[in-house]
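See structure below.
Residue numbers begin at 1 in each chain, while the letters A, B, ... track the order of the sequences.
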Protein chains: 4
Amino acid sequence: MSSSSERRTALPRRRDEAKALFRNAILDAAEHVFAQQGFHGARIQDIADHARIAVGTVYNHFEQKEDVLHALLEVRLEEMIGNLRPQPTDPEPFEQKLRCCILRTLRFAEEHRDFHQVALDCGLFAKGTASASNILKEKAVAHFEKLRATTLALVNEGLKCGALRPMDPVPLARMLGGLIRSSSIGMLMEQSHPDLEAEASLLVDLYLNGAGRADRPGRPRDESDLGER
Amino acid sequence: MSSSSERRTALPRRRDEAKALFRNAILDAAEHVFAQQGFHGARIQDIADHARIAVGTVYNHFEQKEDVLHALLEVRLEEMIGNLRPQPTDPEPFEQKLRCCILRTLRFAEEHRDFHQVALDCGLFAKGTASASNILKEKAVAHFEKLRATTLALVNEGLKCGALRPMDPVPLARMLGGLIRSSSIGMLMEQSHPDLEAEASLLVDLYLNGAGRADRPGRPRDESDLGER
Amino acid sequence: MSSSSERRTALPRRRDEAKALFRNAILDAAEHVFAQQGFHGARIQDIADHARIAVGTVYNHFEQKEDVLHALLEVRLEEMIGNLRPQPTDPEPFEQKLRCCILRTLRFAEEHRDFHQVALDCGLFAKGTASASNILKEKAVAHFEKLRATTLALVNEGLKCGALRPMDPVPLARMLGGLIRSSSIGMLMEQSHPDLEAEASLLVDLYLNGAGRADRPGRPRDESDLGER
Amino acid sequence: MSSSSERRTALPRRRDEAKALFRNAILDAAEHVFAQQGFHGARIQDIADHARIAVGTVYNHFEQKEDVLHALLEVRLEEMIGNLRPQPTDPEPFEQKLRCCILRTLRFAEEHRDFHQVALDCGLFAKGTASASNILKEKAVAHFEKLRATTLALVNEGLKCGALRPMDPVPLARMLGGLIRSSSIGMLMEQSHPDLEAEASLLVDLYLNGAGRADRPGRPRDESDLGER
DNA sequence: CATGAATGAGCTTTCATTCAT
DNA sequence: AATGAATGAAAGCTCATTCAT
């Protein structure tokens with residue numbers, strides 16, 4: 001009885017493997033080509049060439065060019081959000097935990113420069129941007145919201161444990177996102193491979209303590225510090 | 001001083017006025033259309049329609065589509081940089097001056113949402129981004145550098161007068177840029193018209209003092225403060 | 001006042017002339033290419049080549065490939081219907097009038113073999129046929145209906161003047177259409193140039209008197225003749 | 001007489017059965033899909049889906065898409081010609097025999113609306129039509145010729161027995177074909193299920209006696225009738 | 001100099017056919 | 001022999017750019 005029943009499961013299994021293989025190859029190729037040429041500049045032919053497959057094959061896995069982009073962003077963004085989100089193994093003081101999250105995110109950016117390039121190009125980090133909303137439409141917003149929600153959750157945790165100033169979490173999250181983004185973009189631009197640990201520490205320091213000189217005159221929070229002594 | 005000699009100067013003057021009129025109309029239309037549809041999604045026809053002129057007329061003023069974008073960015077960026085740069089009338093303590101610069105920049109972003117949309121779309125705020133480098137090429141870098149230099153100058157002034165922590169100005173500038181950008185994007189996204197004065201104050205506060213609670217335990221700069229006593 | 005006011009009328013006039021020139025050139029080319037290769041086999045490039053214009057120009061005059069076909073059928077069918085419809089100058093006895101209408105229609109078919117080919121290919125003479133309904137959709141039905149109505153009007157005239165057997169005009173019209181169509185198709189097939197006058201006379205004779213031998217035994221209408229004696 | 005020798009004959013028999021099963025399933029599916037979407041609009045995938053088999057299987061039975069159409073037309077046309085051809089059991093007076101042939105043909109058209117649709121679409125009834133000649137090439141002509149020959153044979157029989165007017169059989173055959181075709185098309189169009197017996201009688205009547213009123217003045221054959229008295 | 005139609009290279013997408021399983 | 005994914009040539013359509021008026 002085996003052969004037929006085996007076929008029913010073994011063949012599809014192989015097929016599914018092959019399917020996933022092609023799909024990933026296409027997404028990897030797309031990541032690279034989109035990063036180099038932008039979404040509009042990238043031709044399906046280029047992606048197919050990079051994946052060493054035929055144009056038609058791309059269309060066997062994705063209905064439209066846009067769907068390739070969408071799938072790519074979805075997959076990578078999930079990974080990125082996973083990195084930004086606190087892990088069970090992260091150390092407890094919020095400052096350390098934040099440092100770990102940022103470090104992981106920077107490492108991800110370092111390892112996935114192409115994706116970051118694409119994400120920027122698509123305005124993934126800026127909901128409502130023109131080409132983003134035109135290419136990705138509502139889906140773009142969903143992508144962005146996920147990232148924002150994750151950042152917000154991180155900030156809220158900091159507020160709860162008293163590590164952050166008690167204030168509206170939205171600007172706090174916005175600031176955190178801005179800092180990470182600036183740093184990531186800086187890395188992309190410099191094409192350098194900096195000391196990510198140091199960079200993460202610097203980011204946390206700047207985020208928590210600000211850019212101002214601690215003992216500068218008229219520092220508002222010094223006054224409140226005095227009051228507490 | 002015959003009428004003919006007058007004509008020699010008067011006529012060109014009129015022509016120049018007319019020329020500038022068309023050029024500005026094209027740039028205004030382009031700002032709107034690019035913001036709505038993205039650079040690649042915008043057709044010359046669309047821009048011409050918005051400016052209520054013929055396509056050919058666009059090509060009488062700009063060699064290529066890209067040149068329209070370039071000119072637009074150049075004009076608006078100059079204005080934006082002018083706003084970010086400290087003015088003679090700005091109040092002296094660095095904190096106040098910074099607040100003024102940021103406020104002007106946010107106001108500009110508010111008034112030129114379309115330009116901001118375009119600038120984001122073109123990765124103007126992120127040198128080396130795909131579509132930016134493909135569309136604008138070297139010129140994009142020049143645009144970006146100008147903005148970066150202005151931010152850097154502002155930070156250096158803060159360092160000189162002792163308002164900022166003595167450290168590498170590059171990350172300080174990057175952080176400042178990231179904050180302003182985050183806030184601008186936030187405004188674009190929310191489609192709301194917030195209290196810009198309050199927003200500027202908040203930004204300065206966060207930039208100088210950080211997001212951390214001042215009296216939290218183990219605050220690093222408290223230690224350095226101790227050392228100075 | 002002249003030049004500007006002239007321009008407003010003179011320029012558009014020239015433009016309209018040119019426009020009609022191109023449009024007709026496209027339709028003529030399409031008639032030929034569609035006839036040779038069928039609608040699906042004809043590429044826009046082929047039509048453009050035949051009209052000695054660029055592909056894009058075709059699209060400046062017609063939104064889609066289908067619209068070219070539609071316009072072609074509309075124009076030619078109007079002409080064809082004009083030929084089938086009785087003219088004021090046609091002689092009065094219905095038989096003679098019918099002969100004239102058929103002769104004109106056969107002449108039109110002879111002179112516009114290409115159109116006939118296309119019309120057949122599109123099932124223009126058979127409402128609801130597959131490719132017709134797929135390519136032309138509702139418009140195909142409209143085309144067909146016009147033709148049918150014209151044939152019906154002709155038959156009704158014959159009924160009114162007592163030249164045709166008093167019966168349901170629909171089968172009478174159907175028969176007339178079938179005869180003309182068969183003859184036209186025969187001409188297309190034979191690639192010959194027959195004596196159209198003779199062909200028209202033959203058609204009228206067959207249509208009015210039938211294919212049966214007049215004096216054959218058991219002829220039903222002879223019986224009715226008997227009753228009248 | 002071992003089981004092995006049996007197999008040698010039994011197995012191929014089964015195989016042939018299975019083969020015919022698939023072949024017929026494909027042709028049935030093709031008949032439906034071609035009728036719905038036209039030859040060019042029908043994808044092999046559609047046909048395979050309808051036959052609930054895989055695309056590859058179609059190509060195991062037919063070399064090309066066109067061959068499917070060709071085989072379909074061949075099979076159905078043979079059947080159609082068989083219906084049009086007089087049967088041994090048909091009653092003898094030519095008029096009755098003709099009535100039977102037409103009735104069978106109309107019944108076939110009624111039962112095989114899809115095939116008729118396809119045949120029309122392919123210009124099967126009009127040799128030399130564009131898409132027909134492009135799709136079916138010479139084979140189309142062969143199909144058409146068979147049908148024409150059958151019609152011609154029928155007409156010749158009528159001539160021989162004196163039921164038809166002594167004249168060139170080609171126009172007579174053409175007229176007969178045109179009448180049957182008009183009626184079939186009419187049925188396809190109306191989507192109605194008329195009384196086929198009445199329709200057949202009407203056709204024979206019109207074919208033999210024409211559409212003209214028998215006692216109208218100046219009827220040419222009346223004169224010849226007079227002469228024979 | 002404004003105009004707007006002509007141009008044609010280039011792109012996305014389709015689908016008949018092939019072929020490894 | 002059935003399967004269905006891979007293939008890639010081919011076609012419709014777009015739109016930046018040109019140019020005659």
**Request:** Classify the ring geometry between C:Phe34 and C:Phe39 as parallel (under 30°), tilted (30 to 60°) or perpendicular (over 60°).
**Result:**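 The rings of C:Phe34 and C:Phe39 sit tilted, inter-plane angle from 30° to 60°.
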**Request:** Could you tell me how the ring of A:His40 sits relative to the ring of B:His40: parallel (under 30°), tilted (30 to 60°) or perpendicular (over 60°)?
**Result:**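 Geometry flag for B:His40 against A:His40: parallel rings.
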What's the [atom1]-[atom2] distance between [X] and [N], to the nearest Å?
X: D:Asp46; N: E:dT14; atom1: CG; atom2: P; value: 13 Å
X: D:Arg52; N: F:dG4; atom1: CZ; atom2: C1'; value: 18 Å
X: C:Phe62; N: E:dA6; atom1: CZ; atom2: P; value: 12 Å
X: D:Gln37; N: E:dC15; atom1: CD; atom2: C1'; value: 13 Å

**Asked** Going 5' to 3' along nucleotides 13-18 of chain F, which nucleotides have protein heavy atoms under 4.0 Å from the base (write B), which only from the sugar-phosphate (write S), and which from neither (write -)?
**Response** BBSSBB
**Asked** If each of B:Val58 and C:Phe22 is mapped to the nucleotide of DNA chain E with the nearest heavy atom, which maps nearer the 5' terminus, i.e. the 5' end?
**Response**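 Result: B:Val58.
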**Request:** In plain terms, say whether A:Asp46 and A:Arg43 are close enough for a salt bridge, that is, a side-chain N and a carboxylate O under 4.0 Å apart.
**Result:**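 Here A:Asp46 pairs with A:Arg43 in a salt bridge, since their nearest N and O are under 4.0 Å apart.
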**Message:** Pick the closest DNA chain F nucleotide for D:Lys19 and for A:Ala54 by heavy atoms, then say which residue is nearer the 5' end.
**Reply:**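 Looking at DNA chain F, the more 5' nearest nucleotide goes with D:Lys19.
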**Message:** When you measure from the side chain of A:Asp28 to the backbone of A:Ala25, do you find a donor-acceptor pair of N or O atoms at a distance under 3.5 Å?
**Reply:**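 Judged by distance alone, no pair lies under 3.5 Å.
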**Asked** For B:Asp49, what residues pass the salt bridge (charged side-chain N to carboxylate O under 4.0 Å, His left out) criterion, not counting sequence neighbours?
**Response**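 Per chain and number, B:Asp49 pairs via salt bridge (charged side-chain N to carboxylate O under 4.0 Å, His left out) with no residue.
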**Prompt:** Would you say F:dA6 has OP1 or OP2 under 4.0 Å from some side-chain N or O of A:His61?
**Reply:**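 Checking F:dA6 against A:His61, a side-chain N or O does come within under 4.0 Å of OP1 or OP2.
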**Message:** Please enumerate all residues that pass side-chain hydrogen bond (donor to acceptor under 3.5 Å, both in side chains) together with D:Asp114, with sequence neighbours excluded.
**Reply:**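 With neighbours one apart ignored, the set is empty.
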**Counterpart residues, ring pair (Phe, Tyr, Trp, His ring centres under 6.0 Å), relative to D:Phe22 (two or more places apart)** =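 D:Phe22: ring pair (Phe, Tyr, Trp, His ring centres under 6.0 Å) contacts with D:His61.
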**Residues which pass side chain to side chain contact (heavy atoms under 4.5 Å, CB included) with C:Asp67, listed by chain and number, not counting sequence neighbours** =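 Residues passing side chain to side chain contact (heavy atoms under 4.5 Å, CB included) with C:Asp67: C:Phe62, C:Glu63, C:Gln64.
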**Request:** Counting Watson-Crick and G-U wobble pairs whose two distances are both under 3.5 Å, find the runs of 3 or more in a row that involve DNA chain E.
**Result:**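 In DNA chain E, stems of three or more pairs: E:2-21 with F:2-21.
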